[in-house]
Every structure is written in C-alpha cells, then in structure tokens.
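Remarks on the structure that follows.
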Amino acid sequence: MSRQNLIEQFPLIEKMKKAEEVIWFNPNLTITEDALNSLSVTSEMVQDASDRLDRFASYLQIAFPETVKSNGIIESPLVEIPAMATAMKELFQIDFNGELLLKCDSNLPISGSIKARGGIYEVLKTAETLAIREGLLKETDDYAVLADKEMQEFFSKYSIAVGSTGNLGLSIGIMSAKIGFHVTVHMSSDAKQWKKDMLREKGVEVIEYDSDYSIAVEEGRKQAEKDPTCFFIDDENSTDLFMGYAVAASRLKKQLEQQGKKVDQDHPLFVYLPCGVGGGPGGVAFGLKLLFGDHVHCYFAEPTHSPCMLLGMMTGLHEDIAVDEIGLDNKTDADGLAVGRPSGFVGKTLEQLLSGSYTISDEKMYTLLALFADTEQIYLEPSALAGMTGPIHLASNGVALNNATHIAWATGGGMVPEHVKEVYYEKGKRLLN
C-alpha cells in the first residue's frame, strides 16, 4: 500500500508523519473473554512463569542480596502520586477524574527497569532448561545450588545474545553474567553510553551499531545462529519474555487489593504503558486483561518520532510497516522506545485487547521528568514519563473516568548515574520554565 493510500485510509497518519501528538482508540477492541479464547497464549503459561520465578527465589537472594528483603521476588512498589496529578492538571489546564498512581518498575532490583521482568525471566528459564537436561537440577531442588561454582562453570560453556536499545540489554547482560553465561549485547545507535559502560563493567561484551534497533537485533540473531551453544533472546518474538512480563499483573492485583482499590464495572482501571517494540507493555497488558477483563483499559505510549506499535496496529500491517515508511526518523531521547518496527507477535496478540495508543514528544517527557522530580521527588529516565499523560489524553477526548484508578507504568530510571540524572533534570527544568 502506498503512503498516500495509507493516509487516505488512516487520516491520523497525516499528523503522525509530522511528529504531532495523537491518540488512537482501537476499533477492534472486543469483549475480553472472546478475544482471549482466540489466542495461543494462555493463563496457564503465565502461571508456569510465575511458578518458575518462585523456584529461583532462593538463588536470587544469594546472587543479588538486594532481593533478600523481598524473599527473592523481583517486584516494585505501587505508589500514589497526588502532587504530580495536581501539577499536571495545572500545567495542561485539563482536569481528569480518578486517582493517579505510579508502578515503580524503575525501582526493580538487579537492573532498574521493567526489562528485569521479561529479560531476567528468560535467562533463568534458559539456565533451568540446560541444568535439568544435563541432570544437574530437578524442579524439586533448592535452586540456591545454582550459585555454586560448579554450576557457574557449567553455564560458562554456553552464551546468551540479545539486541537492545539499552534496558533489555542491561537486564539480560547483568543476569547472564552473574549466573555464568558468556553474554553479548548488540546495541543500537540510540543506546545511552552509560548503559554500554555499565554492561562492560559487568563483564558483558557489547557490540555497537551505527544503525537502529532492528539492525542490532538482526545482526545479533545472525551471529547467534552460527553458534549451537548460543541462545538468542528475541525481543520481537519471544513468548518467554512475554510471559515474564505478564506475571506482573497478578502482583499488581495484590497490591491494589492491599491498598483497598477496587477494580470493577463501577471502578475502572486505566493503565498507561510506554512502548518500544512491544514485548514488555504487551505482556503486562495481556496479564492484566486475564485478571481484570473488561474492567481494565490498557493504553500504549510512544514517542512522536517512533510510534511503531500504533502504526502497525492501526493499519493492521503490524511488523510489515515501519515508521520510516511514513517519513519519520525514529530519533528520540527515549532510548528504550526508539523502535521503528513493532513486534508482530505482540500486535496480533493484543489486536482485540488493547484500548488504544497515544504519542508524546521528547520535550514533554523531559518537562514531566522535571515536574515529577519537583513534586514527588521521584527521578525517572525520559522514556519512563511517556505513560504520564494518559489521563490527560483520555479526559481531552471525553472518555468517562468516574471512580477511575490510573496507573502510569514507570519503566526505567533506577540505574541512571547521578550525573546523567542531573543532565536530564536540567533539560526538563529549562523546558518547564
């Protein structure tokens, strides 16, 4: 389909190609139960992933002492952010009903981003599969044995590879190196230097590319295919990554219950998820729809220069279209979201489950970063602010938000060095003023 035909069929592209902020409401959204019945991914698969993470809890407490206080469970707080909600209403001169909360995946232990869920999970599953296959481990064993030197020597015979814009590389690199794998992270040009430096400090091999995320993934996949002892973690198509992210939903449900927050027909839940290639937000959204059905409304948030998932889902072309085909450059400071072509697996899985998607400019992400630091004393990386404007978009478009709970998913920021935080904040402060 030509670009002109696309614009005629989907007029929103006219604004998207100018890098304007837009919101898209999914016309294919349907009754959750009907949508789930047509999918190959299931609740049983999510439960299997949850059980596996529980088995690894004793190992994680040894390998990463910071997880001892959570009994080896990699989880983040859910916090109320009323000062930020008030500040945003004043900044944008738009009111919205409901309470605004932050899901602090920026504080996840080990790698400080949402990628600690899927990335670490897939590395652990790979390790478990290898150890069981060689008769070194049984599911009934205490997995603390994986911290033994003999086990690390066993895993050193194998390697892990991944393509990344940054955060996935951090989570997979840190976890793989710790358990004993040789690990290579193929990094795209938009990956931040401090992330590359941190990986190298952890003993990870980092290969840099002058091109974007898709090329880094493609090259990583090609090199891994040449080595039978190398396992490539495919952010675009991995069911294991997807399931690791989906486990977040049951944990969020418990947090909401502990805080006395209802989710039902009269108390809707709106969740805003920053989106790159789609695996992390897609897995979380799928898990939430399994648990809350039609009472949860999931929206993806993407940079104005990289709205790949919105473009793929709106046109129905999924991975067969990239943002450069509508004239966008895929250049954004939101490095974790700098993806030009979406995951077809995620887009097709969420075709009837996702409520919609919206875009946000880099300038607005920086502005919100500074505002958030000033109002709540919480510091995030730019991409993690993408979810914050969800309630503003919905209120501006007349979506009913009575008795709503809004959750902005903070996808990263916990590992950002202090001097880089200062640069982010100063840029945001200049824009805010």
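The model shown is predicted, which means the values in this text are computed figures rather than measured ones.
The aromatic rings of F242 and F286 are tilted relative to each other, their planes meeting at an angle between 30° and 60°. Using the six-membered ring where Trp is involved, F270 and H297 have ring planes that are parallel, under 30° apart on the 30 and 60° scheme.
Taking a cutoff of 4.0 Å between a charged side-chain nitrogen and a carboxylate oxygen, E80 and K261 qualify as a salt bridge. Ion pair E418/K421 flagged as a salt bridge, since at least one NZ, NE, NH1 or NH2 atom sits closer than 4.0 Å to an Asp/Glu carboxylate oxygen. Residues E381 and K195 are paired through a salt bridge, judged by an N-O separation under 4.0 Å between the basic side chain and the carboxylate. In summary, E363 and K427 do not engage in a salt bridge, as defined by a charged side-chain N under 4.0 Å from a carboxylate O. Residues K364 and E21 are paired through a salt bridge, judged by an N-O separation under 4.0 Å between the basic side chain and the carboxylate. Between K348 and E319, at least one side-chain N (NZ, or NE/NH1/NH2) sits under 4.0 Å from a carboxylate O, which counts as a salt bridge. Between E128 and R55, at least one side-chain nitrogen of the basic residue sits less than 4.0 Å from a carboxylate oxygen of the acidic one, meeting the salt-bridge criterion. A salt bridge does not link K125 to E122: none of the charged nitrogens lies less than 4.0 Å from a carboxylate oxygen. A salt bridge is defined here as a Lys NZ or Arg NE, NH1 or NH2 lying under 4.0 Å from an Asp or Glu carboxylate O, and E75 with R251 meets this definition.
With hydrogens and angles ignored, the 3.5 Å screen pairs a side-chain donor or acceptor of N330 with a backbone N or O of V339.
Residue K253 places its NZ atom among 12 or fewer non-hydrogen atoms of other residues, nucleotides or ligands, all under 6.0 Å distant. At most 12 heavy atoms of other shown residues, nucleotides or ligands fall within 6.0 angstrom of atom CD1 in I31. For K429, the NZ atom counts as densely surrounded, since its 6.0 Å shell holds more than 12 non-hydrogen atoms of other residues, nucleotides or ligands. Atom CD of E33 has 12 or fewer heavy atoms from other residues, nucleotides or ligands within 6.0 Å.
Annotation: ring-ring contact (aromatic ring centres under 6.0 Å, His included) contacts of Y299 (sequence neighbours excluded): none.
Side-chain contact check for N37 and D34: no donor-acceptor pair (N or O, by modelled atom type) lies under 3.5 Å. One side chain, D105 or S76, offers a donor N or O that lies under 3.5 Å from an acceptor on the other. In this model, a donor atom of one side chain and an acceptor atom of the other lie less than 3.5 Å apart for Q47 and D51. E302 and Y358 form no side-chain donor-acceptor contact under 3.5 Å, judged by distance and modelled atom types alone. Checked by atom type, the side-chain pair E218/H186 shows no donor-acceptor distance below 3.5 Å. If you check the side chains of D227 and T229, you find a donor sitting under 3.5 Å from an acceptor. For the residue pair N26 and S355, no side-chain donor N or O sits within less than 3.5 Å of a side-chain acceptor on the partner. Side-chain atoms of T32 and D294 include a donor-acceptor pair closer than 3.5 Å.
A distance of 9.0 Å separates OG1 in T30 from CG in L353, rounded to the nearest 0.5 Å.
Heavy-atom minimum distance, S343 versus M309: O-CE, 4.0 Å. Scanning both residues, C275 and F300, for their nearest heavy atoms gives SG-CD1, 3.7 Å. Residues G336 and T165 share a closest heavy-atom pair of CA-OG1, 3.3 Å.
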